[in-house]
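Please read all numbers here as calculations on a predicted model, not as lab measurements. Naming convention: chains lettered A, B, ... in sequence-line order (proteins, then strands); numbering from 1 in each chain.
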2 protein chains.
Amino acid sequence: MYNLFFQHFNSKVQLTEDEQAHIKAYLTLKKIRKKQYLLQEGDVCKMIAFVEKGALRAYSVDENSNEHIIQFGLEGWTISDLFSFLTGEPATYNIDALEDSELVIISKSAHEELLQTMPKYETFTRLNITGAYLAMQRRLTSIISASVEERYQDFIALYPHIAQRVPQHMIASYMGLTPETLSRIRKRISSK
Amino acid sequence: MYNLFFQHFNSKVQLTEDEQAHIKAYLTLKKIRKKQYLLQEGDVCKMIAFVEKGALRAYSVDENSNEHIIQFGLEGWTISDLFSFLTGEPATYNIDALEDSELVIISKSAHEELLQTMPKYETFTRLNITGAYLAMQRRLTSIISASVEERYQDFIALYPHIAQRVPQHMIASYMGLTPETLSRIRKRISSK
DNA sequence: AAAAAGCATTGATCTAAATCAATGCTTTCA
DNA sequence: TGAAAGCATTGATTTAGATCAATGCTTTTT
């Protein structure tokens, strides 16, 4: 059940069996069905979710009710509205499930207590957020400096498993494009 | 000399005098003149720089030799090519000074030793990177979901001190626009 | 003090992506 | 199993921003 989570944890910070059991006591499991919300805009985000199985997305909705995907969360990734989680402000994102999914949930109080009491958990958290920062910086850099073609090809190269599992119009949304434009980009690439 | 650095540190994690002195021994000061490079693309980034005074920018240069500003670093901010610093890969960004500046430099070995030996330094690092992550997420969200006008106005509202000190064409570059376009956007806004 | 470099603005034109609209295919569900 | 919803593609048109080019102003350099 918590396999992937601890695999991921151990790959960053090695835990003993005891430590693992200790952490496990702070975690809960949650199953969520396709299309179900994990978080809705306006609510306060009360947990961090680690994806054991399945796929989710975080997205915002603008005034023209267009959806903009901020982040995908597949197996092995963490998904949350971190700003809301940390500040207690209302969430600006929605998070919902693209497939039936299984999540490892870390509540706010669990997170804080583990941070206070367990240096290894703090290290894990630091490494996690650092990785997320670097991934986002790569994305931002590519948005402001590369052509759409390059960006699409980089995306496919970097996240082939996402491209396979997620409808194309969501990838367009993630890239800040309309579905029509992405379709034409693909056509252009394939004819080269 | 290290005033702002420790002010910033204490605001996140409170230090005793002794701890402060201990950390100080790991830091060095560096003055850098306007237009001078702190880091050049292709070199390995060997330090994190905290800006005590002055202003810098991190930017990439694309195949058409257009510059794209990734980040500004004014007083109180940290600037680095974190990916290169952490992995030892060649840097993909240039960093140079927009004004004569004073930096607090943390070398790779200092950073690693402090992380290993001083829990408060790890906490400081974690909070710092978390803040940087949230700032970047806000920027990314605004890029993929807001109009250019809104984005410019958000920028001005959020970083008025940057807008005052930095030439307009660099703000255009930061926003992924040409200088001409930003000029027209401003005109459009002012005539409302 | 003169020359050069850097900068913001404006105009004219071009181009990439958005929008609007329609079609056919596939998956979902009632 | 039949209807509806979801999805990708293509075409026609519009639009926002890029590009090319020129001007005047300010700051820096010599």
Exercise for review: Return the set of residues passing ring-ring contact (aromatic ring centres under 6.0 Å, His included) with A/Tyr26 (not counting sequence neighbours), or none when no residue passes.
Suggested key: A/His22

Revision key, fill the gap. Side chain to side chain donor-acceptor pair (under 3.5 Å) with B/Asp96: of B/Lys35, B/Gln36, B/Arg57, only one passes, and it is B/Arg57

**Study point:** Contacts of type side-chain contact (heavy atoms from CB on, under 4.5 Å), residue B/Asn3, not counting sequence neighbours
**Key:** none

Review point. What residues form a side-chain contact (heavy atoms from CB on, under 4.5 Å) with B/Ser65, not counting sequence neighbours?
Key: B/Val61

Exercise for review: Encode nucleotides 13-30 of chain C as B, S and - characters from 5' to 3', where the letter depends on protein heavy atoms closer than 4.0 Å: B to the base, S only to sugar-phosphate, - to neither.
Suggested key: ----SSBBB---------

Practice item. Just jot down the ring-ring contact (aromatic ring centres under 6.0 Å, His included) partners of A/Phe50, sequence neighbours excluded, or say none. Key: A/Phe5, A/His8

**Study point:** Hydrophobic cluster of B/Val44, others only, ordered by chain and residue number, side-chain cut-off 4.5 Å
**Key:** none

Point to revise | Gap between atoms OH and C1', on B/Tyr152 and D/dG17 respectively (whole Å) | key: 17 Å

Review point. Does the side chain of B/Lys187 get closer than 4.0 angstrom to OP1 or OP2 of C/dT9 through an N or O atom?
Key: no

Check your understanding: Which ILVMFWY residues are connected to B/Leu38, directly or by a chain of links, through side-chain heavy atoms under 4.5 Å apart?
Key -> B/Ile32, B/Leu39, B/Met47, B/Val51, B/Leu56, B/Ile79, B/Ile95, B/Leu103, B/Ile105

Practice item. Name all residues meeting the salt bridge (charged side-chain N to carboxylate O under 4.0 Å, His left out) criterion together with B/Glu75; count only those two or more places apart in sequence or in a different chain, and write none if there are none. Key: B/Arg165

**Study point:** Five-pair end axes of the helix from C/dA1-D/dT30 to C/dA30-D/dT1 and the angle they enclose, rounded to 10°
**Key:** 50°

Point to revise | Proximity to DNA chain C (any heavy atom under 4.0 Å), residues of residues 155-171 of chain A only | key: none

Point to revise | Partner set under ring-ring contact (aromatic ring centres under 6.0 Å, His included) for A/Phe155, not counting sequence neighbours | key: A/Tyr159, A/Tyr174

Review point. Can you name the residues that form a side-chain contact (heavy atoms from CB on, under 4.5 Å) with B/Gln153, not counting sequence neighbours?
Key: B/Ile189

